[in-house]
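A quick write-up on the structure given underneath.
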Amino acid sequence: RYNETAKTSVWVPFAVYTYPEYTQDCVINSLSILGDNTEMDLDTNPLYFTDNPIQEQKEKVTFQEKLTDVLDSFYSLPEGDRRTVYSAIVLVANGIKLGVQHQSIGFVSFISSIETMIDFENKQAKKEFCEACGQPKYSVRKKFLDYLAKYVSRTDTSKKKFDRLYKLRSNIAHTGKLFLMDVEFSLLNKDTMNEEWYTFIDAQQLARLSLFRWLLLNNPNREL
């Protein structure tokens, strides 16, 4: 909506209408409680993280039905472990916020969340080095692919996607290859920008889904 009392307004390069009171109008002061609503509806869809994953396009806020198990797992972790997992959660949240204006940085934040959990999962693993070149036998890239294969998908198609996302993360972090949205805005490049947006969403959902499943499978109270 717009503020009818605003005296001035401006169009910015991202095709968004704004005005001096815009930030104040966007502040959420409270949540609406509907009648006798005492329970939150939980989503039973097993494809919750991949079927229409964009929250803004959903009719209402819902959580996957296993959320209670995930929270139980999180708060059952030893304090040090819980702090590390919380860091991975914060990186996902930061990626969502940063991605609004800086898509490349938001994307890297999602991949960093996954890498945080990979390091945590492999903290007890013994490092082996090649006798010929001295490099680690178990590469960072292989750990990335193996972790997502374990917690997300083992299909060849998925592995190719994971590999592509990891390479893109490396290109952004080490060679300055940025998403087009962060460099320029042009309606002539709409297809490229849409493709990069879906890549951004892919990384977001991978970070969320892999962390969600890690907590489900590593619950200290889970019955084997």
Side-chain angles (χ1 to χ4, degrees), residues 43 45-58 61-75 77 81-123 139-155 157-174 177-179 181-182 194-219:
D43 195 329
N45 183 0
L47 300 178
Y48 172 84
F49 288 96
T50 53
D51 183 10
N52 186 23
I54 303 175
Q55 295 291 335
E56 292 80 2
Q57 295 182 359
K58 296 186 177 182
V61 176
T62 58
F63 296 98
Q64 216 281 335
E65 63 175 342
K66 294 293 184 180
L67 177 65
T68 52
D69 296 328
V70 165
L71 290 175
D72 175 68
S73 176
F74 176 75
Y75 286 107
L77 293 170
D81 294 350
R82 188 166 66 248
R83 192 181 303 116
T84 299
V85 174
Y86 182 69
S87 295
I89 295 172
V90 170
L91 283 167
V92 174
N94 287 344
I96 294 172
K97 290 187 291 185
L98 289 167
V100 174
Q101 294 184 323
H102 308 289
Q103 207 170 76
S104 306
I105 299 176
F107 173 85
V108 171
S109 189
F110 295 140
I111 302 301
S112 294
S113 174
I114 297 173
E115 291 179 316
T116 296
M117 294 305 299
I118 292 172
D119 287 343
F120 178 59
E121 174 143 308
N122 291 277
K123 64 180 181 180
S139 69
V140 176
R141 172 180 164 276
K142 187 175 188 304
K143 286 182 181 179
F144 185 84
L145 297 178
D146 287 350
Y147 176 84
L148 292 178
K150 180 178 180 180
Y151 291 108
V152 179
S153 174
R154 297 183 177 88
T155 67
T157 300
S158 294
K159 289 179 180 178
K160 290 179 181 178
K161 175 189 287 188
F162 303 157
D163 194 36
R164 177 175 59 83
L165 294 176
Y166 186 77
K167 288 179 180 177
L168 177 56
R169 174 262 182 206
S170 298
N171 287 336
I172 293 174
H174 301 302
K177 176 180 171 57
L178 301 177
F179 282 28
M181 172 186 169
D182 295 339
N194 284 341
E195 182 180 346
E196 291 180 341
W197 167 249
Y198 286 118
T199 297
F200 175 85
I201 293 297
D202 273 342
Q204 178 188 140
Q205 296 311 93
L206 277 179
R208 295 176 65 204
L209 179 57
S210 59
L211 181 56
F212 191 87
R213 288 182 173 169
W214 187 95
L215 285 165
L216 281 178
L217 295 175
N218 291 277
N219 188 338

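Only heavy atoms go into these numbers, but all of them, side chains included; no hydrogens, no water, no symmetry mates.
One distance of note links CZ of Phe107 with CD1 of Ile172; it measures 5.0 Å at 0.5 Å rounding. From Leu209, atom CG reaches atom CD1 of Ile114 across 9.5 Å, with rounding to the nearest 0.5 Å. If you take CG on Leu148 and CD1 on Ile118, they are separated by 6.0 Å, rounding to the nearest 0.5 Å. Here Thr84 contributes atom OG1 and Glu121 contributes atom CD; the two are 13.0 Å apart, rounded to the nearest 0.5 Å. To the nearest 0.5 angstrom, Asn171 atom CG is 10.5 Å from Leu178 atom CG.
Contact annotation: the side chain of Phe144 never approaches that of Val140 to less than 4.5 Å [non-hydrogen atoms, C-beta and beyond]. Using a 4.5 Å heavy-atom threshold, the side chains of Tyr48 and Phe212 count as separate. Put simply, the side chain of Phe110 does not reach to within 4.5 Å of the side chain of Leu165, judged on heavy atoms. Considering only heavy atoms from C-beta on, Arg164 comes within 4.5 Å of Asp202 through its side chain. Proximity of Thr68 to Phe63: side-chain heavy atoms (C-beta onward) are nowhere separated by under 4.5 Å. By the 4.5 Å heavy-atom criterion applied to side chains, Arg169 and His174 are counted as neighbours. Residues Tyr166 and Leu145 are not in side-chain contact: their nearest non-hydrogen atoms beyond the backbone lie 4.5 Å or more apart. The shortest distance between side-chain heavy atoms of Phe49 and Leu206 does not fall below 4.5 Å.
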| task | Decide side chain to side chain contact (heavy atoms under 4.5 Å, CB included) for Leu77 and Leu215; before the verdict, give the C-alpha distance in whole Å, the side-chain angles of both, and the deciding distance to 0.1 Å. | result | CA-CA 10 Å; Leu77 293 170; Leu215 285 165; 4.2 Å; yes
| request: Determine, stepwise, if the pair Trp214 / Lys150 fulfils side chain to side chain contact (heavy atoms under 4.5 Å, CB included). | output: CA-CA 9 Å; Trp214 187 95; Lys150 180 178 180 180; over 6 Å; no
| Verdict with reasoning, Ser73 to Leu216, per side chain to side chain contact (heavy atoms under 4.5 Å, CB included) | CA-CA 7 Å; Ser73 176; Leu216 281 178; over 6 Å; no
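The two atoms that bring Gly99 and Met181 nearest to each other are O-CE, 4.3 Å, heavy atoms only. When every heavy atom of Ser210 is checked against every heavy atom of Ala207, the shortest pair comes out as OG-O, 3.3 Å. Between Asn45 and Gln64, the shortest heavy-atom distance links the atoms O-NE2, 3.6 Å. When all heavy atoms of Gly95 and Ser109 are compared, the closest pair comes out as N-OG, 3.5 Å. The nearest pair of heavy atoms linking Arg154 to Ala149 is CG-O, 3.1 Å.
Checking Thr155 against Thr157 by side-chain atom types alone, no donor-acceptor pair falls below 3.5 Å. Side-chain polar atoms of Asn219 and Asp69 form no donor-acceptor pair below 3.5 angstrom.
Side chain of Ser87 to backbone of Arg83: a donor-acceptor contact under 3.5 angstrom is found. Listed for the Thr116 side chain is a donor-acceptor partner under 3.5 Å among the backbone atoms of Ser112. Using modelled atom types, one side-chain atom of Asp182 and one backbone atom of Ser104 make a donor-acceptor pair closer than 3.5 Å.
With salt bridges taken as basic N to acidic carboxylate O contacts below 4.0 Å, one links Asp163 and Arg141.
Relative orientation of the Tyr151 and Tyr147 rings is tilted, given thresholds of 30° and 60° on the angle between their planes.
Proximity of the aromatic rings of Phe179 and Phe200 is defined here by a centroid distance below 6.0 angstrom, and this criterion is not met.
Residues forming a side chain to side chain donor-acceptor pair (under 3.5 Å) with Asp81 (at least two apart in sequence, or on another chain): Lys123.
Within 6.0 Å of CD on Glu195 lie no more than 12 heavy atoms contributed by other residues, nucleotides or ligands.
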